[in-house]
Every structure is written in structure tokens, then in C-alpha cells.
There are 2 protein chains.
Amino acid sequence: MKTSVNAPLRGAQPHCQTCSLNALCLPLSLTESDMERLDDIIRRGRPIQKGQLLFQQGTEFQSVFAVRTGALKTYTLASNGEEQITGFHLASELIGLSGYNAGTYPLTAKALETTTVCEIPLQQLEQLADELPDLRRQLMTTMGTEIRHDQNMMLLLSKKNAEERVASFLLDISQRYQRRGFSATHFRLPMSRVDISNYLGLAVETISRVFTRFQKNELIETQGKEIILKDSDTLYDLAGLTRANDECLHQAES
Amino acid sequence: MKTSVNAPLRGAQPHCQTCSLNALCLPLSLTESDMERLDDIIRRGRPIQKGQLLFQQGTEFQSVFAVRTGALKTYTLASNGEEQITGFHLASELIGLSGYNAGTYPLTAKALETTTVCEIPLQQLEQLADELPDLRRQLMTTMGTEIRHDQNMMLLLSKKNAEERVASFLLDISQRYQRRGFSATHFRLPMSRVDISNYLGLAVETISRVFTRFQKNELIETQGKEIILKDSDTLYDLAGLTRANDECLHQAES
DNA sequence: CGTTTGATTGACACCTTTCAAGAGACGTGG
DNA sequence: CCACGTCTCTTGAAAGGTGTCAATCAAACG
């Protein structure tokens with residue numbers, strides 16, 4: 001039944017105004033009253049379990065989603081059935097906007113772990129975007145950030161070798177956790193090695209080998225999905241980044 | 001002097017309302033009166049010559065641009081100085097939006113040939129986007145299309161081999177010319193082999209070899225930058241595409 | 001506790017890059 | 001109009017990084 005799907009959850013913050021993520025999420029730049037209006041159109045459903053789809057490539061584009069807790073991956077399917085992961089999405093991140101005006105979702109979103117999301121129906125978002133300039137700007141900022149991320153990935157996939165890719169990946173995840181108030185050096189990867197390899201355009205075995213090489217060189221320490229960055233400076237060098245350099249990729253969130 | 005730079009050109013259409021590209025370009029979905037308002041804020045400068053920069057990565061983000069005639073490439077610079085071409089841009093296409101709210105341009109735009117553009121100052125575009133819902137939608141549509149393009153490139157760079165990449169590239173260009181009323185099978189590539197190789201994440205030599213292989217198999221015919229597609233069907237197969245399949249990537253333009 | 005899934009490691013193959021050289025196109029200036 | 005230099009494109013041979021295949025190991029799960 002429809003009502004139970006959208007029923008608020010025990011323990012979860014049911015409103016943007018009181019959500020601990022509102023400084024990172026879509027309401028980022030909204031006034032109190034604007035935030036209320038956004039909050040009014042948001043639907044909060046029951047959690048989706050690991051492996052379940054939030055939306056599927058080719059189905060009607062109806063809503064965008066903000067991740068509240070958990071993590072997802074989004075991927076596109078080639079005609080031969082191969083999938084390419086285009087992004088991993090942590091709490092506060094908005095997904096689905098890439099399907100804007102495409103009619104159908106251009107990619108699939110699958111939960112990497114138990115995940116809760118805030119659903120924002122497109123139709124009402126459209127109307128609100130016309131009435132709230134700050135919201136429009138935030139939506140366009142989110143899309144701009146996404147474009148910069150994807151173009152950064154194009155550079156990675158086109159020009160970087162395996163070690164550079166893995167270093168870039170670990171630092172990206174590290175920074176995103178840090179921005180959310182977690183440790184930048186000690187975290188748990190929500191995705192499998194296979195997912196990482198797919199995302200980085202490498203074979204699983206290559207990911208494994210680079211991880212062990214990094215461990216031997218005392219750059220990182222791994223215990224399954226648990227990661228400790230022991231020498232971030234060298235990782236930055238390897239990634240071909242300066243700390244300052246890639247800050248600009250995340251401006252929408254800061 | 002500033003005025004001469006923005007002076008209208010001999011022979012060029014100085015207004016969106018009479019521009020032959022307005023059905024493909026930003027004004028696509030605007031009413032007559034809205035188009036006039038957009039037209040009012042657009043600056044039309046003198047042509048930029050081959051090799052000249054339209055804007056440069058790291059400089060202040062001030063305007064977005066619509067290509068009127070000619071072609072450009074946009075590329076990002078890695079910290080080691082390597083460049084990755086992120087896109088080629090033909091007449092009617094909007095460039096620069098990826099810098100939205102980033103403060104500075106995240107990439108550089110360089111003319112591949114003599115090119116004229118319509119400059120749209122950000123500040124006035126922002127205001128207009130708040131007042132004209134259709135314009136806001138068109139801007140977001142453009143960004144959505146860009147995201148889908150980039151994610152398609154991620155798939156190409158991550159999963160496709162050299163032949164598949166070149167086939168995909170040729171068909172993409174072909175479709176874009178066709179949409180502009182030119183032949184889908186007989187066209188001139190505005191970019192060099194080096195640019196193509198950079199864009200596709202391959203060595204120049206590989207591009208050359210694939211081109212000659214395609215010629216031996218009678219899939220294409222090349223004469224320098226002139227290209228004739230002789231067997232589009234096989235190219236589609238090679239690219240791992242069906243004609244229907246990748247239509248959705250261009251919805252913003254159709 | 002057996003089964004299944006995910007991660008690691010090694011050996012070998014292959015596609016693409018790199019290096020090197022030559023051919024062709026283009027613009028310039030004599 | 002042709003000679004010349006420069007740049008682009010093409011072609012060949014060899015090297016190398018990553019993928020593939022196969023086996024082992026570890027962890028998760030019922």
C-alpha cells in the first residue's frame with residue numbers, strides 16, 4: 001500500500017529543517033521559509049536494502065533523490081549488457097538529475113548497503129525551481145559539479161595508469177567522508193572491489209594488486225573494506241593532484 | 001577598444017529571432033517575446049581564429065557561449081600539464097555551463113577553425129533564468145545532456161577498444177552534422193588526428209591505424225579530414241550501438 | 001560447517017603505446 | 001611557381017602495462 005511506503009521512519013529526521021545534512025544537501029542555500037516549501041514536497045520512504053534498485057535505466061523519469069543514509073552506485077548499461085559505474089553516492093548527495101528532460105532515467109541506481117533517501121518528485125521540483133531562485137541555482141550548481149566530476153573521470157580513464165587511478169579514488173572518497181565530519185584517513189569503503197574496478201576502468205585483479213602494492217609501500221592499510229590512509233601526501237603525488245587543485249570539484253558542497 | 005569587439009559582423013545574423021540555428025540553440029523553447037529578452041543580453045564579438053582561446057581554465061567564470069559558426073574543443077589540464085579533451089562543439093552548442101558556480105572556468109575552450117560565438121554574460125543570464133521558466137528548463141536540459149554525454153564517454157573510455165571508440169566517435173559526429181542539416185555520410189572533421197586521439201584516450205598512431213583498417217574493410221573512406229561513411233550499419237554494430245539506443249543522448253537538441 | 005561469494009596471487013597473452021622513420025600536406029618566401 | 005621547412009599523418013617493430021585465465025584463500029551466510 002502506498003501510504004506505508006511513504007510513512008516516516010522511526011528515529012529518522014522527517015524534515016529538512018532538522019536534518020543534520022541540510023548544510024550539505026539541496027537546501028544548502030535556502031532560507032528557512034524556502035526550506036519549508038521544499039520540505040513539503042519531499043517524500044521519505046522506507047529504506048531500500050543492499051542490492052535493490054532505486055530507479056532503473058529506461059524507466060520513466062519521475063523524481064530525483066537525496067541520499068539520507070547509506071550509499072548507492074549509479075551505472076549505465078551498454079547495449080552489449082556491460083555496465084559502467086558512473087558514480088558512488090554518499091549521504092546528502094543528489095542523484096537522478098542527469099535524466100533531466102530525457103524522459104527516462106539514463107542510468108540505474110542500486111543500493112550498496114541499506115539506504116534511505118528523500119524523494120523529490122520532478123513535477124513539484126520544477127514548480128518550486130521557478131519560484132525559488134536559490135533552489136534553481138542550487139540545482140544548476142549540483143549539475144555543474146556533476147559535469148566537472150565526470151570530466152575529471154574522463155581524464156582519469158584516459159590518461160592515468162592503475163596506481164594513479166586508485167590513488168585518485170581513495171583520496172576522493174577520503175575527502176567526501178571528511179566533508180561529512182568523518183575521518184579522512186580511516187574509513188570503510190561501501191563498495192566491493194569489483195565495483196571499484198568497474199568504476200576505474202580496470203580489472204578486479206589490478207585493484208587487488210595495487211592495493212597490496214600500496215600496502216607494501218606503507219601508503220595505506222587495508223582490512224577488507226576498511227581502509228587507513230597512512231601517507232596521504234604520497235597518494236596526492238601519485239594521483240597527480242595537489243590538495244588545492246581538486247578542491248574546486250566540490251564547490252557545490254562546501 | 002571594447003565596442004569594436006562587440007560590434008556586429010557583416011553578413012552575420014545579429015539576432016536570435018532571425019538566426020537559422022535558433023531551433024537547435026538555447027532559444028529552442030522560448031516564445032517570441034522571451035527570445036527577444038534573451039537576444040538583448042547576448043554579445044556578438046568578432047570571430048576568433050584557429051588556435052585562439054575563447055576562455056581559459058582557471059580564469060574568472062563570466063559568460064557562457066553559443067557557437068554560431070565554426071567549431072571548438074574544450075579540454076581540462078591535469079596538474080602534470082597533460083590535457084584531456086572533454087568535447088568538440090559545433091554550431092548551436094552551448095559551452096561553459098560546466099563552470100556554473102565554480103568561480104572559474106574548469107576547462108579551456110580553443111577554436112579548431114575560425115569561429116564566431118554568441119556571448120551570454122552570466123549575471124544577466126541568471127536574472128533571465130529566474131524570470132523565464134522556459135529558459136531555466138533549457139539551461140538545465142543542456143546540462144543534463146552534457147552529463148549524459150560525459151557518462152557515455154566514461155563508458156567508452158573504460159570499456160571500449162580502439163575500433164569501438166573510433167566507430168562511436170564517427171557516428172556521433174555524423175549524427176550531429178545530420179541534425180544540423182548536413183550529410184550524415186559525407187563530412188569534414190574539424191579536428192586533427194591528435195585531437196581525436198586525445199579525446200578517445202588513444203595514441204595518434206592508433207587512430208591512424210584504425211582509420212586505415214576501416215578503409216581496407218570499406219567501412220569508411222578518408223581523404224585527410226574529409227570522411228565518407230560507406231557502411232554505417234557495420235559501424236553501428238562496431239560501436240556497440242543501435243541507432244535507436246543513443247538517440248536519447250541528444251534529446252536536448254531535438 | 002559446508003557452500004557461496006568476494007578477494008588475492010601468479011603466469012601468460014594481447015592490445016595499445018612507444019619509439020623511430022618516412023610520406024604527405026600546407027604555408028611561406030624567394 | 002617551385003623550393004623549403006614545418007607540421008600532420010601514416011606505417012613498422014618492439015616494449016610494456018593491464019587483462020585474462022586459473023587457482024587459492026578468506027569471509028560471509030544460511
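Quick note on labels: first sequence line is chain A, next is B, and so on, each numbered from 1.
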Quiz item: Taking the six-membered ring for Trp, is the centroid-to-centroid distance between A:F182 and A:F187 below 6.0 Å?
Solution: no
Quiz item: Taking the side chain of B:K225 as heavy atoms from C-beta outward, which of D:dC9, D:dT18, D:dT11 is closest to it?
Solution: D:dC9
Exercise. May I have the distance from B:L189 (atom CG) to C:dA25 (atom C1'), rounded to whole angstrom?
Key: 16 Å
Quiz item: Just checking, any donor-acceptor pair under 3.5 angstrom between side chains of A:Q84 and B:S158?
Solution: yes
Practice problem: Using a 4.0 Å heavy-atom cut-off across all strands, classify B:T206 as base, sugar-phosphate, or nothing. | Solution: base
Quiz item: Can you find a side chain N or O atom of B:R209 that sits less than 4.0 Å from OP1 or OP2 on D:dT11?
Solution: no
Exercise. Let me know, please, whether A:E163 or B:V204 comes out on the 5' side of the other along DNA chain D by nearest nucleotide.
Key: B:V204
Self-check item: Distance in angstrom units between A:K159 NZ and D:dG17 P, rounded
Solution: 18 Å
Practice problem: Could you please name the option among D:dT11, D:dT18, C:dT16 that lies closest to any side-chain atom of A:A162? | Solution: D:dT18
Quiz item: Nearest of C:dT16, C:dA7, D:dG19 to any side-chain atom of B:L202?
Solution: C:dT16
Quiz prompt | Nearest-Å distance for atom pair CZ/P, residues B:F214 and D:dT10 | solution = 14 Å
Quiz item: Quick one: B:I207 CD1 to C:dC15 C1', roughly how many Å, whole number?
Solution: 14 Å
Quiz item: Can a salt bridge be assigned to the pair B:E113 and B:K50 using a cut-off of 4.0 Å between side-chain N and carboxylate O?
Solution: no
Quiz item: Given atom CG of B:D195 and atom C1' of D:dC9, what is their separation to the nearest angstrom?
Solution: 13 Å
Quiz item: D:dC9 C1' sits how many Å from B:I220 CD1, rounded?
Solution: 14 Å
Quiz item: Rounded to whole angstroms, how far apart are CZ on A:R193 and P on D:dT18?
Solution: 18 Å
Quiz prompt | Base C:dC19 to side chain B:E205, donor-acceptor N/O within 3.5 Å cut-off | solution = yes
Practice problem: Tell me what A:S208 touches on the nucleic acid: a base, only sugar-phosphate, or nothing, going by heavy atoms under 4.0 Å. | Solution: base
Quiz item: Could you state the CD-P distance from B:Q223 to D:dT8, rounded to the nearest angstrom?
Solution: 19 Å
Quiz item: Would you call B:E119 and B:R44 a salt bridge, taking side-chain N to carboxylate O under 4.0 Å as the test?
Solution: no
Quiz prompt | Pair A:F61 + A:F55: ring centers closer than 6.0 Å | solution = no
Practice problem: Compare the minimum distances between each of D:dT18, D:dC9, D:dT20 and the side chain of A:A203, then state the nucleotide with the smallest one. | Solution: D:dT20
